[in-house]
Amino acid sequence: MLSREKLVDLFQELKDRDVLSVYVDADEHDPAKRDAWRIRLEGDVAQLRRHLEAEDEKTWEAVEAAWARVDELIRARGDEVGANRGWVVFATPERIWHTGPVPAHMPHLVRWQRGLHVAPYLRALKQERPVTVVLVDGRRARVFEQVEGGITELEGIVADRSLGDLTDVGMRKSSARASGVRGETSTDQAHRFLEVATERMHKYLGELLEQRAGQDGIVVVGGTPESVKRLVGLLPRRMVDRVAERPGLHLDMTAAQVREEIRGAAGDLSEERHRVLVGEVVDAARGGGRAALGKDDALKALDARRVDKVLLSRGFIQAHPGTADLMVGLGFVQDAGVEEVSGEAGALLDQEAHGVAARLRF
């Protein structure tokens, strides 16, 4: 999968060339339909052929040369394509510029235009955000990381609970004339040592999560309710909208089970984050603040290089692919964040701003 930086570089390199962009949605769970994506892809190419042959036979010759390269690649790597959720190819008549899987559902389409049809790739970039999962109780923790759909478990973390012989340690015995034992009992000291060890473990985990998550990573915390609450309380406030608490998760989960939980938690966080972001931009624009609503105002702000973040609804990208690509490209040039929003956030963006909004720098 292309990182944002590599996608921007490729977008810039091919902005003045005609490119065939191919997006494949291959996530089919019914074995009887596992090759359905091939049939749909061939249908899309046939439709493009009919359209271009009627308009410009010379143009179709260039498209056909590019498609021949894509078709050869798919015939050689078809099983690999079908084994992934999505697959993307960018090609010109001379060469394949990029091909590879993406860990997200893709719109199924074939498009020939000047430059990359880049807007649908925003959906894949969402998956680039690292996700760190920690399962914790008072004794031990397991930490998992997911990047680009792959999941890895880090080395297990265990609180130092080796107490040695605490028999009568810390007890001050008085003379025979006194009754009872004064001072801290071995049981009390054992509990205190265990609490200190657990506290150290939680502190270490908090620092680890802050480091791993960086500026935009997602954190999922599961385990016993007390440990989840304690660990989340150690994380900085700036991470609050990127942390999902899942006390129902437990330390004996398999990596496959953790992966499924990550999908749900990350999706919930992204949806809530986008809903809040859209609401903030809409409110700012209505209050005369640093925001733009709608295609025309957003394009003006992009042309003036005033944009900090562009929000495009999935419906807008599908209905206006050329304009969406233009906005993505302008956002890339000024190093603005560009995001596709869907679900409730996308519906809100469609309703309030016809599918487009921008947060401005000034």
Side-chain angles (χ1 to χ4, degrees), residues 1-2 4 7-8 10-26 37 40-56 59-60 62-63 66-67 70 86-92 97-99 102 104-127 274 292-303 307 309-333 336-343 345-347 349-350 353-358:
M1 174 182 157
L2 292 169
R4 175 190 162 92
L7 181 63
V8 171
L10 188 60
F11 179 87
Q12 291 290 90
E13 186 170 5
L14 296 178
K15 66 181 181 179
D16 296 322
R17 302 188 62 173
D18 292 327
V19 181
L20 185 68
S21 299
V22 179
Y23 288 84
V24 177
D25 181 8
W37 64 269
R40 291 179 62 192
L41 187 58
E42 290 172 359
D44 291 339
V45 174
Q47 183 177 358
L48 180 63
R49 178 184 290 112
R50 288 192 296 270
H51 173 72
L52 290 178
E53 283 181 334
E55 289 194 356
D56 187 346
T59 298
W60 170 247
V63 176
W67 169 247
V70 176
W87 196 277
V88 180
V89 185
F90 298 126
T92 60
W97 289 83
H98 168 74
T99 182
V102 289
H105 288 289
M106 287 286 103
H108 207 95
L109 60 87
V110 178
R111 186 174 176 85
W112 175 260
Q113 66 176 40
R114 180 60 55 92
L116 300 182
H117 182 31
V118 70
Y121 210 93
L122 296 178
R123 197 178 307 180
L125 291 182
K126 290 181 184 179
Q127 308 300 319
H274 281 153
L293 302 182
K295 178 186 68 175
D296 293 339
D297 286 348
L299 277 172
K300 289 178 183 177
L302 283 164
D303 284 336
V307 173
K309 186 177 289 291
V310 183
L311 302 175
L312 303 172
S313 75
R314 184 168 295 180
F316 181 86
I317 291 174
Q318 293 172 345
H320 308 282
T323 303
D325 284 337
L326 173 62
M327 290 183 161
V328 173
L330 289 171
F332 282 169
V333 168
V338 186
E339 297 191 37
E340 178 202 68
V341 297
S342 57
L349 188 59
D350 287 333
H354 303 290
V356 184

Inter-residue atom distance [X].[atom1] - [Y].[atom2], 0.5 Å rounding:
X	Y	atom1	atom2	answer
Leu122	Arg314	CG	CZ	10.5 Å
Leu7	Leu125	CG	CG	5.5 Å
Lys126	His274	NZ	NE2	5.5 Å
Glu13	Leu116	CD	CG	9.5 Å
Trp97	Leu2	CH2	CG	13.0 Å
Lys309	Glu339	NZ	CD	4.0 Å

Identify the two heavy atoms, one from [X] and one from [Y], that lie closest to each other, and give their separation to 0.1 Å.
X	Y	result
Ala324	Leu312	O-CD1, 4.2 Å
Ala124	Ala104	CA-CB, 4.3 Å
Ala336	Val307	CB-O, 3.4 Å
Val19	Gly115	CB-O, 3.6 Å
Ala298	Ala358	CB-CB, 4.4 Å
Arg114	Asp16	CD-C, 3.2 Å

Output, in order, the C-alpha distance, side-chain angles, deciding distance and verdict of side-chain contact (heavy atoms from CB on, under 4.5 Å) for Thr323 and Phe316.
CA-CA 9 Å; Thr323 303; Phe316 181 86; 3.9 Å; yes

Flag side-chain contact, heavy atom, 4.5 Å: [X] against [Y]:
X	Y	value
Asp18	Gln113	no
Leu311	Leu349	yes
Ser313	Gln318	no
Leu20	Val70	yes

Does NE2 in His354 sit with more than 12 non-hydrogen atoms of other residues, nucleotides or ligands closer than 6.0 Å?
no

Counting only heavy atoms from other residues, nucleotides and ligands, does the tally under 6.0 Å from CD of Gln47 exceed 12?
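Counting other residues, nucleotides and ligands, CD of Gln47 stays at 12 neighbours or fewer.
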
Could you walk me through whether Trp60 and His51 satisfy the side-chain contact (heavy atoms from CB on, under 4.5 Å) test, starting with their C-alpha distance in whole Å, then the side-chain angles of each, then the deciding distance to 0.1 Å, before giving a yes or no?
CA-CA 9 Å; Trp60 170 247; His51 173 72; over 6 Å; no

Output yes when a side-chain donor or acceptor of [X] lies under 3.5 Å from a complementary backbone atom of [Y], and no otherwise.
X	Y	value
His98	Phe90	no
Asp325	Ala119	yes
Tyr23	Gly86	no
Asp297	Ala292	no
Ser21	His117	yes
Arg111	Val22	no

Reference residue Leu330; test side chain to side chain contact (heavy atoms under 4.5 Å, CB included); the match among Val310, Leu299, Val338
Leu299

Does either side chain, that of Thr99 or that of Trp87, offer a donor lying less than 3.5 Å from an acceptor on the other one?
yes

Please test Val110 against Leu41 for side-chain contact (heavy atoms from CB on, under 4.5 Å), starting from the C-alpha separation and ending with a verdict.
CA-CA 8 Å; Val110 178; Leu41 187 58; 3.5 Å; yes

One pair to check against side-chain contact (heavy atoms from CB on, under 4.5 Å): Phe11 and Tyr121. What are the steps and the verdict?
CA-CA 11 Å; Phe11 179 87; Tyr121 210 93; over 6 Å; no

